[in-house]
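Proteins get letters first, then strands, A, B, ... in listed order; numbering begins at 1 in each. As the structure is a computational prediction, the values presented were derived from the model and not from experiment.
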Amino acid sequence: MRLATWNVNSVRTRVDRVTAFLERSGVDVLAIQETKCRDDQFPHLPFEAIGYEVAHVGHSQWNGVAVVSRVGIDDVQVGFDGMPSWSSKEGVEPAPEARAIGATCGGVRMWSLYVPNGRQLGDPHLAYKLEWLKALRTSAAGWLAEDGDAQIALTGDWNIAPQDDDVWDMAVFSHSTHVSPPERAAFAAVVDAGYADVVRPHTPGEFTYWDYTQLRFPRREGMRIDFQLCSPALAARVTGASIDRQERKGKGASDHAPVLVDLTD
DNA sequence: ATGTCGGGTGTTACCCGA
């Protein structure tokens, strides 16, 4: 079985590319982030036409996450227990955002996660990001406490570069989010809860994201911020992993590349 | 920050978010 995660930066703009990727890559379960649409706007038909079912949550033009599967899609859960809310502006009641959806697909509990960006050091959005990750860690630890043999994949855009070599130049990020110690500690806490980054060992020195500006992609100036973290029982099934750099090329590319994991049957 | 992308709208010019 093959799992993938991909921040597509608008599923409506990119639907042809995403379905072509599914057909080309043989991915069985795809976690999508930044669909940037409401549920009623999600393009279900092109996915169903090639044999995939969709579970999606989207409340507005922001965020939006989905799981797409051709091996079944059961027990869909929107958000996780304790997931913090966010208010886009003063005077607006905080509400849960469309940043997490889980579904069981072919025996794997697949989560599509879009971790808050954090914006800038000192911004309230960074405090929200850290709270969000702490709550995710608590929930994810609980899932393993319930069933130590559970096959769980925490996949998506984590908006964190855990190591210095996960960005092209640390000097550029000296006053930025994504590399700050609290963010890295929040990521490490999820790993410590029992979820291993199964992709890094197979993709040394590779990036998953390149900014649209400044010719970052041709200059190979990227970041590794998209991950698949797997529970012990799932990590034991991993036979390989890759980052599909090809998908960042050409007109109409997302700024993120798909991250793939192969499992034994 | 923005030499770029998305989405949106009090739309054809600007807003926000990444």
From the list B:dG7, B:dG3, B:dA18, which nucleotide is the closest neighbour of the side chain of A:Leu215? B:dG3
Roughly how many Å is it from CZ in A:Arg216 to P in B:dA1, rounded to a whole number? 13 Å
State whether a side-chain donor-acceptor pair under 3.5 Å links A:Arg109 with A:Gln151. no
Consider the side chain of A:Arg14, meaning its heavy atoms from C-beta on, and name the nucleotide among B:dA1, B:dA18, B:dG6 that approaches it most closely. B:dG6
From B:dA1, B:dG6, B:dA18, nucleotide with atom closest to A:Asn117 side chain: B:dA18
Atom-to-atom span, CG of A:Asn159 to C1' of B:dA18 - whole angstrom: 8 Å
Output the rounded distance in Å from CG (A:Asp157) to P (B:dC5). 19 Å
Can you say whether a donor on the side chain of A:Thr213 sits under 3.5 Å from an acceptor on the base of B:dT2, or the other way round? yes
Check: A:Ser139 side chain, A:Asp81 main-chain N or O, donor-acceptor pair, under 3.5 Å: yes
Classify the nucleic acid contact of A:Gln33 as base, sugar-phosphate or nothing, counting any heavy atom under 4.0 Å across all strands shown. nothing
In whole Å, what is the span from the CZ atom of A:Arg219 to the C1' atom of B:dT2? 13 Å
Test side-chain contact (heavy atoms from CB on, under 4.5 Å) on A:Trp132 and A:Arg99; report intermediate values, then the result. CA-CA 10 Å; A:Trp132 200 95; A:Arg99 294 184 176 275; 3.6 Å; yes
Figure out the CG/P separation between A:Asn9 and B:dG6, and round it to whole Å. 6 Å
Note: for A:Asp255 and A:Gln61 on DNA chain B, the residue whose nearest nucleotide lies more 5' is A:Gln61
Starting at atom CD of A:Gln41, determine the distance to atom P of B:dG7, rounded to an integer number of angstrom. 10 Å
Please assess A:His202 against A:Val238 for the test side-chain contact (heavy atoms from CB on, under 4.5 Å), listing each intermediate value before the final yes or no. CA-CA 10 Å; A:His202 298 278; A:Val238 174; 4.2 Å; yes
